[in-house]
Protein chains: 2
Amino acid sequence: MTKRSRVHQSTPENERAILEAALTLAVTAGYEGTTMAEVARLSGLPTGSVYWHFNNKEQLFAELIEYCFGKWKEDHTGPTNRDLLRRSIAGSAGGSTDPENKAEAFWILALLFALEKRLADNAARKKYLDVRRQMFELMVQRVEPQIPGSVLAADPDFGRKMVVLGRALTDGFYIAASAGDDIDFMEFADLSASAVEALIARRAAMAEGEVEK
Amino acid sequence: MTKRSRVHQSTPENERAILEAALTLAVTAGYEGTTMAEVARLSGLPTGSVYWHFNNKEQLFAELIEYCFGKWKEDHTGPTNRDLLRRSIAGSAGGSTDPENKAEAFWILALLFALEKRLADNAARKKYLDVRRQMFELMVQRVEPQIPGSVLAADPDFGRKMVVLGRALTDGFYIAASAGDDIDFMEFADLSASAVEALIARRAAMAEGEVEK
DNA sequence: GTCTATAAATCGATAGAC
DNA sequence: GTCTATCGATTTATAGAC
C-alpha cells in the first residue's frame with residue numbers, strides 16, 4: 001500500500017512531469033505518434049524546457065525506458081513464488097486495458113523498439129535491448145531455484161531456457177492483448193504455467209530415470 | 001474514373017512491383033519508417049504512379065497485408081504434419097534475418113500493426129486484425145485433428161486453446177529474433193513443441209483417468 | 001497510365017529574451 | 001531554468017503536362 005518513498009532528488013519535479021507525460025502519450029500513441037510538442041503541453045511546460053531537460057526525443061525515450069525499468073524492478077522484488085510466469089502473462093491483459101498501470105502498458109511499446117530495426121542507431125532501442133538483457137538475468141536468478149536439482153545437474157542451462165520460453169510466452173500474450181484478441185488471459189496464464197511445469201516434470205523424470213542421454 | 005478491375009487480371013505488373021517494394025521496406029522500417037517516396041523509388045516508378053494505383057498509404061498497406069496473406073496461405077496448405085508449431089518457431093529465426101523469405105518476414109510487419117494502437121482507425125491495421133482472425137481459424141482446422149479425441153470430448157475448445165498458445169509462442173520468438181536475442185531457435189522450437197505435447201499428454205491422461213465430469 | 005513539380009501540413013530542434 | 005517564436009527538414013498527397 002505504501003509506495004516506496006521517492007525522497008531522492010535524482011529526478012526533479014519537472015523532469016518527472018515530462019517523463020510521466022511522455023509515458024501517458026507513448027502508451028497510446030507509440031514512439032512516432034508521440035510528439036515533443038504534445039509532451040510539453042501535457043507536462044505543462046513549453047517545448048523549450050523539454051529540450052533543456054532532455055537533449056532530444058531519442059534520449060527522452062531512453063530515459064523513459066530506464067524510468068519504467070525502475071518501476072518494474074520494484075514490482076519484481078521480494079520473495080519468489082511459483083507463480084512468476086502466471087502473473088507475468090496475466091499482467092499482459094491489464095497492461096493494455098488498464099490506463100492506471102502505465103508502466104506495465106509501456107512494455108508493449110518497448111516491444112516496438114525490438115521490432116523496429118530501422119531504429120538500430122536509436123538510443124532508445126539500444127536502451128531497451130540493454131534493459132531486456134537485465135530483465136532476463138533478474139528472471140534467471142528468480143527461476144533457477146525453482147528447477148529441480150536433478151534437472152539442472154543434467155542441463156545447467158535449463159533454468160535460462162525456461163526464462164527464454166517464459167519471456168516468449170509473455171511477449172506473445174502482450175501482443176495478443178495489444179491486438180485485442182478476445183481471450184481469457186487468466187486461463188492462458190494457467191495453461192502456460194502448466195505447460196512449463198509439464199516440461200520440467202518430464203525433464204525431471206528423464207534425469208532421474210536415465211543415466212545416459 | 002475507371003478504377004482498376006481485378007476481375008479479369010490478378011495484380012498487374014506495376015502494382016506487384018509497388019507491393020513488393022513496400023514489403024521490402026516495411027519489414028525493416030515499419031509503417032511510419034516507410035515513405036511513399038522510397039516505395040516509388042524502389043519500385044522504379046514515380047510517386048505519382050504509386051498514388052494512381054493506390055489511393056493513399058493506408059490503402060497501400062491494407063492491400064499489402066492482403067497480398068502477404070495470400071502468400072502465407074500458399075505456404076500453409078497441403079497435408080498437416082505434427083511439426084506445425086516447431087516449424088513456425090524455427091521460421092522466426094530466418095524470418096527476421098533472411099530478406100528473401102518475405103512471406104515469413106511479413107509476420108514481423110503484422111506484429112507492428114498489432115502493437116501500434118495509435119493506428120486504431122487505420123485501414124491497414126483493421127485489415128491486419130481481420131487477417132489475424134482468419135489465420136487463427138485456418139490454424140484451428142489444422143491443429144484440431146491432432147488432438148486426442150478424449151481430450152476434445154472433455155474440452156471441445158482445447159484445440160483453439162492450443163492455437164492461442166502456439167500463436168503466442170510464435171509471436172514471442174519473432175520478437176526474440178527481432179531483438180537479436182542470442183538463442184538457438186531450432187532448440188526452442190523443439191522445446192516449445194515438447195511443452196505443448198506434454199500439456200496435451202497431461203490432459204489426455206486426465207481425460208482418460210476420469211469417467212465422469 | 002506515367003512522370004515532374006510542388007503544395008500543405010507536421011515535426012524535431014534551436015535561438016534568444018527574460 | 002523558463003518561455004516564445006520560428007527555422008529547416010521531411011512527408012503525404014495533388015496538379016497538370018505528356
Side-chain angles (χ1 to χ4, degrees), chain A residues 9-26 28-64 109 112-113 116 118-125 127, chain B residues 1-22 24-26 28-64 112-113 116 118-119 121-125:
Chain A
Q9 277 89 3
S10 61
T11 308
E13 184 180 350
N14 280 351
E15 287 191 11
R16 181 178 301 270
I18 293 168
L19 286 170
E20 283 291 335
L23 178 55
T24 300
L25 294 171
T28 57
Y31 180 72
E32 322 273 343
T34 299
T35 68
M36 296 298 267
E38 217 171 349
V39 169
R41 187 190 56 74
L42 187 60
S43 72
L45 293 163
T47 64
S49 293
V50 174
Y51 276 96
W52 190 89
H53 287 286
F54 302 92
N55 290 344
N56 49 40
K57 190 179 180 181
E58 275 188 27
Q59 197 218 329
L60 171 60
F61 271 76
E63 297 211 21
L64 183 56
L109 170 61
L112 278 173
F113 284 108
E116 293 243 18
R118 156 180 58 110
L119 303 174
D121 294 330
N122 184 303
R125 179 179 146 108
K127 173 62 74 176
Chain B
M1 300 298 202
T2 57
K3 277 299 269 183
R4 70 188 177 286
S5 159
R6 294 225 168 109
V7 178
H8 300 294
Q9 256 181 332
S10 62
T11 319
E13 184 180 349
N14 280 351
E15 288 192 9
R16 181 179 295 270
I18 294 169
L19 287 170
E20 285 291 338
T24 300
L25 294 171
T28 56
Y31 181 74
E32 322 275 342
T34 300
T35 68
M36 296 298 265
E38 216 171 349
V39 168
R41 187 190 55 74
L42 187 60
S43 73
L45 292 164
T47 65
S49 292
V50 173
Y51 277 95
W52 190 89
H53 287 287
F54 302 91
N55 289 345
N56 49 41
K57 190 178 180 180
E58 273 189 29
Q59 197 219 331
L60 170 60
F61 272 77
E63 297 212 22
L64 178 58
L112 284 173
F113 280 105
E116 289 252 20
R118 162 180 54 109
L119 303 175
D121 294 330
N122 184 301
R125 181 178 147 104

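Not measured: the values here are computed from a predicted model. So that the names make sense, note that chain A is the first sequence line, chain B the second, and so on, each numbered from 1. We use all heavy atoms of the structure for the numbers below, so side chains are in, but hydrogens, waters and symmetry mates are not.
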Quiz prompt | Outermost nucleotides of DNA chain D that come under 4.0 Å of a non-hydrogen atom of chain B | solution = D:dT11 to D:dT14
Self-check item: Distance (rounded to the nearest 0.5 Å) between B:E116 CD and A:L112 CG
Solution: 5.0 Å
Exercise. Return the residues of residues 28-39 of chain A meeting this criterion: a heavy atom under 4.0 Å from some atom of DNA chain D. Order them by number, or give none.
Key: none
Quiz item: What is the distance from atom NE2 of A:H53 to atom CD1 of A:I18, rounded to the nearest 0.5 Å?
Solution: 4.5 Å
Quiz prompt | Interatomic spacing from CE in A:M36 to CG in A:L60 - rounded to 0.5 Å | solution = 5.0 Å
Exercise. Measure the spacing between CZ of A:R41 and CG of A:L25 and express it to the nearest 0.5 Å.
Key: 7.0 Å
Practice problem: Taking only heavy atoms on the protein side, list every residue of residues 48-57 of chain A lying under 4.0 Å from any atom of DNA chain D, sorted numerically. | Solution: A:G48, A:S49, A:W52, A:H53
Quiz item: Which heavy-atom pair separates A:A21 from A:V39 by the least distance, and what is that distance?
Solution: CB-O, 3.7 Å
Self-check item: Whether A:R118 side chain and B:T28 backbone form a donor-acceptor pair below 3.5 Å
Solution: no
Self-check item: Atom pair CG/CD of B:L45 and B:E15 - distance to nearest 0.5 Å
Solution: 10.5 Å
Quiz item: Can you tell me how far C1' of C:dC11 sits from CG of A:L25, to the nearest Å?
Solution: 15 Å
Exercise. Could you walk me through whether B:L119 and B:E32 pass side-chain contact (heavy atoms from CB on, under 4.5 Å), step by step?
Key: CA-CA 11 Å; B:L119 303 175; B:E32 322 275 342; 4.0 Å; yes
Exercise. Using heavy atoms to find the nearest nucleotide of DNA chain C for A:E58 and B:P46 separately, return the residue whose nucleotide is more 5′.
Key: B:P46
Quiz item: Would you say A:K127's side chain and A:L64's backbone share a donor-acceptor pair under 3.5 angstrom?
Solution: no
Self-check item: Euclidean distance, atom CZ of residue A:F61 to atom P of C:dC11 [Å, nearest integer]
Solution: 13 Å
Quiz item: Rounded to the nearest 0.5 Å, what separation is found between the NZ atom of A:K57 and the OH atom of A:Y31?
Solution: 5.5 Å
